[in-house]
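Please read the structure below before turning to the comments.
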Amino acid sequence: MRKKIVAGNWKMNLGFQEAEELIEEFMTLLEKQELKTEIILCPPFPYLEMASDYAQEELFHIGAQNISPFEAGAYTGEVSASMLSSMDITHCIIGHSERRKYFNEDDKMLTLKVNQALTHQITPIFCVGEALPEREGGKHFEVVRRQVRHGLFHLDTNEFAKVVIAYEPVWAIGTGVTASPAQAAEMHAYIRTLITERYGNEIAEATLILYGGSCNAKNAAEIFAQPGVDGGLIGGASLIAEEFLSICKQAQ
Ligand code: PGA
């Protein structure tokens with residue numbers, strides 16, 4: 001039985017004080033629960049140190065939203081994997097559609113980012129997903145296949161086994177429109193087939209595949225109940241402590 005993960009992607013939201021209040025409120029609510037779900041909070045870079053001070057191994061982990069493709073040196077503005085791991089950051093979102101779109105992150109760059117994360121013991125949460133015209137044109141499987149293959153299939157089995165995948169259809173992100181539970185289940189099953197072909201059944205069955213895109217307290221239970229959906233990557237709804245907790249509970 002695979003564990004469930006719920007990760008909160010705060011994106012570029014909240015001032016420092018609001019961020020600290022959100023973590024405190026979430027922790028207070030969480031302490032009263034005994035959740036089996038693995039919870040990961042992904043605040044913006046400047047708040048990572050504060051957040052990791054709050055993080056307690058058993059309650060939640062802290063992830064970054066981005067990572068440099070380079071090891072170290074003259075790369076103004078970049079944050080390296082070794083910096084993150086030296087701050088006890090355990091996870092990193094890589095290949096989010098917003099980074100692919102607004103920052104031109106292509107497959108080549110994403111492989112470098114994945115490699116950096118793994119070299120420094122950071123778990124990549126690798127995002128894939130098709131845009132609306134691709135879905136409407138019946139190209140969604142092809143697009144996701146390319147993203148998974150080009151972004152991850154250079155890894156050897158041991159490396160790949162450390163990766164978490166998030167299926168986030170671009171048309172569902174921040175739009176209030178989720179994939180139907182059947183659409184999510186279908187794509188998760190397809191991704192698992194690709195993994196089986198490349199790494200074998202055992203690895204495919206062990207790989208965690210999250211769903212992301214307008215997931216909220218109202219629809220989470222139904223999505224998480226789908227076969228092959230191992231939790232969620234949550235954007236907007238992760239900014240409200242009570243709602244995020246409710247989503248975490250529904251992943252159990
Ligand atoms: P959303 O974002 O939940 O606000 O749709 C999800 C994501 O982009 O990871």
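Numbering of ligands and ligand atoms starts at 1, following listing order. One-based numbering along the sequence shown.
Which parts of ligand 1 touch His96 is read off a 4.0 Å heavy-atom cut-off, strictly below it: atoms 7 (C), 8 (O), 9 (O). Short contacts between ligand 1 and Lys11, defined as distances under 4.0 Å to a heavy atom of the residue, involve ligand atoms 2 (O), 7 (C), 8 (O). Taking every heavy atom of Gly213 and a limit of under 4.0 angstrom, the matching atoms of ligand 1 come to 5 (O). Under a 4.0 Å criterion applied to the non-hydrogen atoms of Ala172, ligand 1 contributes the atoms 5 (O). Numbered from 1 in the order shown, with element, the atoms of ligand 1 that lie under 4.0 Å from a heavy atom of Asn9 read 9 (O).
Not a single heavy atom of Ala237 sits closer than 4.0 Å to an atom of ligand 1. Within the structure, ligand 1 has Gly174 among the residues with a heavy atom less than 4.0 angstrom away. Distances from ligand 1 to the non-hydrogen atoms of Ser97 include no value under 4.0 Å.
In this structure, the side chains of Glu98 and Val170 stay at 4.5 Å or more apart for every pair of heavy atoms. Using a 4.5 Å heavy-atom threshold, the side chains of Leu245 and Leu30 count as touching. Using a 4.5 Å cut-off on side-chain heavy atoms (C-beta onward), Phe141 and Glu134 make no contact. In this structure, Asp156 and Glu159 have side chains that are in contact, with non-hydrogen atoms separated by less than 4.5 Å. The shortest side-chain heavy-atom distance between Leu59 and Tyr54 does not fall under the 4.5 Å cut-off. Between Val163 and Thr207, every side-chain heavy-atom pair lies at or beyond the 4.5 Å cut-off.
Of the N and O atoms on the side chains of Glu242 and Ser246, not one donor lies less than 3.5 Å from an acceptor on the other residue.
With hydrogens left out, the protein atom closest to atom 3 (O) of ligand 1 is Gly235 N, 2.8 Å, a heavy atom. Of all protein heavy atoms, the one closest to atom 9 (O) of ligand 1 is Glu168 OE2, 2.6 Å. In terms of protein heavy-atom proximity, atom 4 (O) of ligand 1 is closest to Gly236 N, 2.9 Å.
When only interatomic distances are considered, the shortest N/O to N/O separation between Thr175 and ligand 1 does not fall below 3.5 Å. Polar contact with ligand 1: absent for Ile173 (N/O pair, distance under 3.5 Å).
Taking the ring centroids of Phe224 and Tyr211, they lie at or beyond the 6.0 Å cut-off.
Taking the ring axis of Phe103 as reference, the NZ or CZ atom of Arg99 stays within 45° of it and closer than 6.0 Å to the ring centre.
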